[in-house]
Amino acid sequence: MDHSNHNMTPTSTITSVIATTTSTAAAAAAGGGHGHGGGTGCKISMLWNWNTIDSCFISSSWKITSNQMFGGSCVGVLLLAITMEALRRLTKEYDRYLVKKHREALAGQHNVDVTQGYRPKIWEQAVRAALHMVQFAVGYFIMLLAMYYNGYIIICIFLGAYLGSFMFHWEPLVWDKQLPRRTPHSVAIDQAWRGVDWFIFDTLDMDTK
């Protein structure tokens, strides 16, 4: 048998393998030109970026196709972060409402310490758990948006947290077990917020009875 056509030196074998590997890698790179977009044309980066057009968030259906759409997305993220702070305040006000209602119920009774803690009823705890669940869901959604490392989106999250805290956590601070002197402006905001909360919770109480 003639083996003259099969006489290959080690150098030629290595060269052939390198050439094959290089061509395979080039073909794979050409086929995966969309990076992490999965063939949808989405610009998705795991590094800090300032992408706008063709950026995708959460799913391929949320694909930015214009500057106006990206601006609307930024406003939506800003409002989402503000909503997160509003939910935190709402949860706190609901706890205050339950304590206030409990103290009012014990006000006419003698030999009762109204300063003792109050354990919510099962449906009241269900409401507290629902508020926590919604707050957790919004926070998780914000975390998913931040994981796209888009500078504009992350800035909107920070601004939303700031504005939300400024609007919904402007309340009296306790100092030496006494409330500090408050301005009429801060008193009006606090009373208006609690009035809205107590109206909502009183309405819920009437519906459950």
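Side chains are part of it too, since the values below use all heavy atoms of this structure and drop only hydrogens, waters and symmetry mates. As the structure is a computational prediction, the values presented were derived from the model and not from experiment.
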*Asks:* If you look at every heavy atom in C156 and L78, which pair is closest and at what distance?
*Replies:*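 In terms of heavy atoms, the two residues are closest at O-CD1, 3.4 Å.
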
*Asks:* List the steps, then state whether side chain to side chain contact (heavy atoms under 4.5 Å, CB included) holds for Y94 with L90.
*Replies:* CA-CA 6 Å; Y94 183 66; L90 184 63; 5.7 Å; no

*Asks:* Taking atom CD1 of I53 and atom CE of M69, what is their separation to the nearest 0.5 Å?
*Replies:*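 Rounded to the nearest 0.5 Å, the CD1-CE separation comes out at 9.5 Å.
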
*Asks:* Quick one: are R96 and E93 in side-chain contact, heavy atoms under 4.5 Å?
*Replies:*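 Counting from C-beta outward, R96 and E93 do come under 4.5 Å.
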
*Asks:* Are V77 and F141 connected in a single hydrophobic cluster, I mean Ile/Leu/Val/Met/Phe/Trp/Tyr linked by side-chain heavy atoms less than 4.5 Å apart?
*Replies:*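 In one cluster: yes.
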
*Asks:* Should M147 and W62 be regarded as members of a common hydrophobic cluster, given that ILVMFWY residues are connected when their side-chain heavy atoms come within less than 4.5 Å of each other, either directly or indirectly?
*Replies:*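 Shared cluster, yes.
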
*Asks:* With a 4.5 Å limit on heavy-atom distance, are the side chains of N150 and N49 in contact?
*Replies:*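 Yes, their side chains come closer than 4.5 Å.
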
*Asks:* With the threshold set at 4.0 Å, does a side-chain nitrogen-carboxylate oxygen contact exist between E85 and R88?
*Replies:*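 A salt bridge links E85 with R88.
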
*Asks:* Using the rule that two of Ile, Leu, Val, Met, Phe, Trp, Tyr join whenever any of their side-chain heavy atoms come within less than 4.5 Å, decide whether I142 and L144 are in one cluster.
*Replies:*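 In one cluster: yes.
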
*Asks:* Please name the pair of heavy atoms, one in T91 and one in L131, separated by the smallest distance, quoted to 0.1 Å.
*Replies:*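 Closest pair (atom of T91, atom of L131, distance): OG1-CB, 3.7 Å.
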
*Asks:* Relative to the ring of F70, is the ring of F57 parallel (under 30°), tilted (30 to 60°) or perpendicular (over 60°)?
*Replies:*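 If you compare the ring of F57 with that of F70, the planes turn out tilted.
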
*Asks:* For residues N51 and S55, report the shortest heavy-atom separation together with the two atoms involved.
*Replies:*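 Closest pair (atom of N51, atom of S55, distance): CB-OG, 3.1 Å.
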
*Asks:* Any idea which heavy atoms bring M84 and Q135 closest together, and the distance?
*Replies:*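 M84 and Q135 have their closest heavy atoms at SD-O, 3.4 Å.
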
*Asks:* Please lay out, stage by stage, how S73 and Y152 fare under the test side chain to side chain contact (heavy atoms under 4.5 Å, CB included).
*Replies:* CA-CA 10 Å; S73 298; Y152 299 108; over 6 Å; no

*Asks:* Atom NE2 of residue position H169 - does it have more than 12 heavy atoms of other residues, nucleotides or ligands inside 6.0 Å?
*Replies:*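 Counting other residues, nucleotides and ligands, NE2 of H169 exceeds 12 neighbours.
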
*Asks:* Provide the closest heavy-atom pair for I58 versus Y148 in the form atom of the first, atom of the second, distance.
*Replies:*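 Distance-wise, the nearest heavy atoms are N-OH, 2.7 Å.
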
*Asks:* Could you check whether the rings of W48 and W50 sit parallel, tilted or perpendicular, using 30° and 60° as the cut-offs?
*Replies:*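 Perpendicular.
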
*Asks:* For T52, is there any backbone N or O sitting under 3.5 Å from a side-chain donor or acceptor partner on N67?
*Replies:*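 Checking the backbone N and O of T52 against the side chain of N67, no donor-acceptor pair under 3.5 Å is found.
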
*Asks:* Once rounded to the nearest 0.5 Å, what's the spacing between atom CZ of F158 and atom OH of Y162?
*Replies:*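 Going from the CZ atom of F158 to the OH atom of Y162 covers 15.0 Å.
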
*Asks:* Can you sort out the partners of C74 under disulfide (SG to SG under 2.5 Å), two or more places apart, ordered by chain and number?
*Replies:*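 By the disulfide (SG to SG under 2.5 Å) rule, C74 matches no residue at all.
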
*Asks:* Let me check something: do L80 and F166 share a hydrophobic cluster, defined by ILVMFWY side-chain heavy atoms less than 4.5 Å apart, either directly or through other members?
*Replies:*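 Looking at the clustering, F166 is in the same group as L80.
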
*Asks:* Could you tell me whether the side chain of L98 reaches within less than 4.5 Å of the side chain of R128, counting heavy atoms only?
*Replies:*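 With C-beta onward as the side chain, the pair touches.
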
*Asks:* Please confirm whether the backbone N or O of A161 pairs with a side-chain atom of S165, one donor and one acceptor, at under 3.5 Å?
*Replies:*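 Pair absent, no side-chain N/O of S165 close to backbone of A161.
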
*Asks:* Please determine which of H102, E124, K101 meets the side chain to side chain donor-acceptor pair (under 3.5 Å) test together with Y118.
*Replies:*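 Testing Y118 for a side chain to side chain donor-acceptor pair (under 3.5 Å) against H102, E124, K101 leaves exactly one candidate, E124.
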
*Asks:* Hey, could you give me the CD1/NZ distance between I44 and K63, rounded to the nearest 0.5 Å?
*Replies:*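 Spacing of CD1 (I44) from NZ (K63) equals 10.0 Å.
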
*Asks:* Is there a path of hydrophobic side-chain contacts, each under 4.5 Å between heavy atoms of I/L/V/M/F/W/Y residues, joining I155 to I153?
*Replies:*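 Both belong to a single hydrophobic cluster.
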
*Asks:* Please report the closest heavy-atom contact between M167 and I82, naming both atoms and the distance.
*Replies:*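 Closest heavy-atom pair between M167 and I82: CE-CG2, 3.6 Å.
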
